[in-house]
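Indexing begins at 1, ligand by ligand and atom by atom, following the structure's order.
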Amino acid sequence: SPRHEPTSKIVLDLERLYDGAAEDLASVARFARAIQQQRGDYNGRVLSIRAVDLQALAVFYDCTPTELIERLADHQVLVADPRAFFAQ
Ligand code: C2E
Ligand code: C2E
Ligand code: C2E
């Protein structure tokens, strides 16, 4: 494939992210709000984000992208399978 696609899409559960339960992730929440604005994507319950943006966020959090993914998973703000998520 000519495109370098990530092995798995990073999909955020916006309700969990914005609920304020995870103060640790305040900067991820601020970032997600900015992305929603740039895309005009306001009504979604989830948001797919770019792999390069996750890398930049990891630099900000002074960790690796893998570690940031783990942190997001610990706070249960990652959606593993969006279609299964909506089927719930
Ligand atoms: P759009 O979704 O309306 O996004 C408009 C502009 O907002 C983008 O222009 C980009 O400058 C910024 N933006 C939106 N989402 C993100 C994001 O997740 N990260 C970053 N860093 N910036 C973001 P751009 O890049 O010229 O893209 C123009 C249009 O091309 C986008 O309009 C979208 O329709 C499409 N597009 C670009 N990359 C992707 C992609 O990876 N997946 C999809 N599905 N569409 C893409
Ligand atoms: P998927 O990627 O598994 O996403 C499933 C559903 O999650 C989407 O259903 C949508 O309701 C939600 N979702 C995922 N990411 C976002 C997001 O960033 N913003 C919002 N508002 N919702 C999101 P939907 O829209 O009916 O799409 C069904 C399937 O169609 C997607 O499954 C994907 O495979 C494909 N698709 C939709 N839009 C795009 C796109 O821009 N680029 C690509 N490559 N595929 C897309
Ligand atoms: P990626 O850059 O890691 O983006 C992952 C997902 O975030 C995209 O899945 C899409 O759901 C969302 N996304 C990223 N940027 C934007 C954006 O600007 N606007 C909107 N509305 N959604 C965005 P998707 O669409 O299945 O794309 C998978 C991969 O394909 C992307 O991974 C990227 O590597 C590549 N790609 C897709 N469209 C474009 C494009 O227009 N320009 C570039 N340079 N790459 C693209």
Side-chain angles (χ1 to χ4, degrees):
S1 160
R3 297 202 314 191
H4 297 274
E5 304 198 12
T7 45
S8 65
K9 242 161 98 146
I10 301 136
V11 185
L12 303 173
D13 181 333
L14 293 180
E15 196 178 296
R16 281 194 177 275
L17 181 61
Y18 295 155
D19 252 1
E23 231 176 273
D24 190 30
L25 298 179
S27 295
V28 177
R30 206 172 307 123
F31 176 80
R33 284 192 200 281
I35 293 302
Q36 282 190 285
Q37 262 170 23
Q38 282 182 294
R39 294 183 189 168
D41 183 3
Y42 297 109
N43 295 318
R45 287 164 61 196
V46 303
L47 187 74
S48 300
I49 66 159
R50 292 185 188 179
V52 290
D53 290 337
L54 183 88
Q55 283 169 18
L57 274 170
V59 171
F60 178 83
Y61 277 93
D62 198 18
C63 66
T64 67
T66 302
E67 285 165 347
L68 183 54
I69 295 245
E70 283 166 6
R71 202 185 291 201
L72 293 167
D74 285 345
H75 289 292
Q76 296 181 287
V77 300
L78 277 189
V79 177
D81 181 347
R83 268 162 290 189
F85 177 82
F86 286 105
Q88 274 170 17

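- Contacts between Phe86 and ligand 2, counted as non-hydrogen atom pairs separated by less than 4.0 Å, involve the side chain only.
- Every atom of ligand 2 with a heavy atom of Ser48 under 4.0 Å away is listed here by number and element: 14 (C), 15 (N), 16 (C), 17 (C), 18 (O).
- Contact annotation for Asp41 and ligand 2: only side-chain heavy atoms (C-beta onward) come within less than 4.0 Å of the ligand.
- For atom 6 (C) of ligand 1, the nearest non-hydrogen atom from the set Arg50, Gln37, Gln36, Gln38 belongs to Gln38.
- Checked against a 3.5 angstrom limit, the closest N/O atoms of Val11 and ligand 2 fall outside it.
- Close contacts of ligand 1 with Asp53, meaning ligand atoms under 4.0 Å from a residue heavy atom, involve 17 (C), 18 (O), 19 (N), 20 (C), 21 (N).
- Of all heavy-atom pairs between Ser27 and Phe60, the closest is OG-CE2, 3.2 Å.
- Under the 4.0 angstrom criterion, atom 22 (N) of ligand 1 counts as having a protein heavy-atom contact.
- Contact annotation: for Arg45 versus ligand 2, there are no heavy atoms closer than 4.0 Å.
- The pair Asp24-Arg71 meets the salt-bridge criterion, since a charged nitrogen lies less than 4.0 angstrom from a carboxylate oxygen.
- Using a 4.0 Å threshold on non-hydrogen atoms, atom 35 (C) of ligand 1 does not count as touching the protein.
- Among all non-hydrogen protein atoms, the one lying nearest atom 16 (C) of ligand 1 is Ile35 CD1, 3.7 Å.
- Atom 41 (O) of ligand 1 is not flagged as protein-proximal [any protein heavy atom, distance under 4.0 Å].
- When distances from atom 32 (O) of ligand 1 to the protein are checked, no heavy atom turns up under 4.0 Å.
- The shortest N/O to N/O separation between Val52 and ligand 3 does not fall below 3.5 Å.
- Smallest separation of non-hydrogen atoms from Gln36 and Tyr18: OE1-OH, 2.7 Å.
- When only non-hydrogen protein atoms are considered, atom 14 (C) of ligand 1 lies nearest to Arg39 CG, 3.5 Å.
- Atom 38 (N) of ligand 1 is approached by the protein to below 4.0 angstrom, counting heavy atoms only.
- Proximity of atom 45 (N) of ligand 1 to the protein is not indicated, since no non-hydrogen protein atom lies closer than 4.0 angstrom.
- Note: the hydrophobic cluster containing Leu17 also contains Phe31 (ILVMFWY, side chain heavy atoms under 4.5 Å, direct or indirect links).
- Of all atoms in ligand 2, numbered sequentially from 1 with element shown, those under 4.0 Å from a heavy atom of Leu47 are 17 (C), 18 (O).
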